[in-house]
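Have a look at the structure below before the remarks.
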Amino acid sequence: MTDAREHDALDAALDRLVQGEPASAPEGLEPLLQTARAAREAFSIAVPEGVARAHVATLTGVATLERRRPRHRVALVLIAAAITAILLGGAAVTASASALPGEILYPVKRAVERIELVIHSDPASRTKLHLEFAQRRLAELSALQALRRAGQKVDVGAAMSSYQAEVKAAEDALAADASSAGYQALAASLDAQLQRHLAVLAALRVGAIPGPAQVAITNTIQHVGSALSARDAALLV
Amino acid sequence: MSDLEDALERARAGDANGMAELYRAYAAPLLAYLVTQVRRREDAEDLLGEVFLSAMRDVSRFDGNIGGFRAWLYRIASNRAVDLARRNARRPEDPLAVAFEQPGEADPAGEALGRVDRERLWRAVMALPEAQRQVVAMRLAGGLSAPEIATVVGKPLGAVKALQHRALVNLTKALGGPYPGVPEGRLEGREETID
């Protein structure tokens, strides 16, 4: 069989497989079809219930906001919080505020944050929000480190990446605000906050168990330090 | 009109319940696809929410049937995964962030396939060259047809068929299965890209 004919024959067998029909392939291709069957089975993973509920709540909440569009952002935030509380249960939203990565309510916490970001579209507000979220990630990191020291298995690396992503998003939002009158004040506020973050990160590194987590913290310190230096250099130009 | 086509029509008209139905139908396979692309479960779950948020914002402008909608979701997902990879590349390497993370404990696949086999298979998928991993995940996790994948990735149909063939040869080899004509221990197409 030529390559192209073999590819076509396998493709036809895969079509039947993904449509749930009995699939067979020419003799030489049967091992590949068996692998495809096993892969299809392995890929059938579930979305955790808490994650799915948070996503659907976000979709529903945003759609309602799009329809209503009140004038004032404060009203938007209150409506978003109310919708999310109704859909997920007010207690769930309140309890999610202290949830840590890996806990069942953590996706709710992140969903509420995403709604806040959808509502605030201007760069200055987004800078402040991402900075606030970065601070939350840092608090989560401290809590995770404490759990780790207590012998629990926690994913500090993932939390560190989430913190870095929020810092990066704050920097990007700030850059998008560069032409506004309030840019200098906002940049100064961001830098002051990041300086405080550096102190927290340094303390976390001292207390970290040597290994990948400590390396990740060191990398993050370098990342935040580089961002601050770059902004200092830009001010000197 | 099928239930999902009806849900798409309602989502187009701004009905969030329509989009929620589409979420329930497509979220799980899309999550599996995203895990193969971004490697970490938490990132994949975050991206899954972003993909549907993005779809909901733009669905009123989407002009196609339910099959086209599914392919459109994968295009959004693929773009988001690339964006995330780009953001991660700008960061210093984080040894914990690239660690393999297997699917959740409560996933149904574990019952029939066996946990060890499932983990071996996921590891083998993660070791595939990027283009093969993308195609095989869209095909077998998402259930997209080869022509739909060709549209999503913007490549000729023949190239997609060749990539899925090579991916399955490599997976078969990695799992220790016999496949004639492939040198022992060698992955086919290591250097190819889909871009």
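Residue numbering restarts at 1 for every chain, and letters A, B, ... go by the order of the sequence lines.
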CG of B:Leu163 to NE2 of A:His7: how many Å apart, nearest 0.5 Å?
-> 9.0 Å

Supply the atom-to-atom distance B:Glu42 CD to A:Ser161 OG, rounded to the nearest 0.5 angstrom.
-> 9.0 Å

Does atom CD of A:Glu30 have more than 12 heavy-atom neighbours from other groups under 6.0 Å away?
-> yes

Examine whether an atom of A:Leu17 lies under 4.5 Å from a heavy atom of chain B, and if so say whether it belongs to the side chain, the backbone or both; otherwise answer neither.
-> side chain

Write down the atom of A:Ala39, the atom of B:Leu140, and the distance for their closest heavy-atom approach.
-> CB-CD1, 3.9 Å

Relative to chain B, which segment of A:Arg114 carries a heavy atom at a distance below 4.5 Å: side chain, backbone, both, or neither?
-> side chain

Using the benzene-type ring in the case of Trp, are the ring centres of A:His55 and B:Tyr23 under 6.0 Å apart?
-> yes

Engaged part of A:Arg110 at the chain B interface, taking heavy atoms whose separation is under 4.5 Å = side chain

Nearest 0.5 Å, what's the CG-NZ distance between A:Leu10 and B:Lys161?
-> 10.0 Å

Return the minimal non-hydrogen interatomic distance between B:Arg41 and A:Ala46, and the atom names on each side.
-> NH2-O, 2.8 Å

Using a cut-off of under 4.5 Å for heavy-atom pairs, which of B:Leu157, B:Thr36, B:Asp46 has the most such pairs with chain A?
-> B:Asp46

Would you name the heavy atoms of A:Phe43 and B:Val136 that are closest together and state the gap between them?
-> CE1-O, 4.2 Å

Interface check, chain A: of B:Arg24, B:Arg139, B:Met19, B:Glu45, most non-hydrogen pairs under 4.5 Å belong to B:Arg139

Here the pair of heavy atoms bringing A:Thr35 nearest to B:Thr172 is OG1-OG1, 2.7 Å

Contacting region of B:Leu30 [heavy-atom separation from chain A under 4.5 Å] = neither

By number, which residues in residues 141-150 of chain B have some heavy atom less than 4.5 Å away from chain A?
-> B:Ala141, B:Gly143, B:Ser145, B:Ala146

Residue pair B:Leu168 / A:Leu32: nearest heavy atoms and the distance that separates them | O-CD2, 3.6 Å

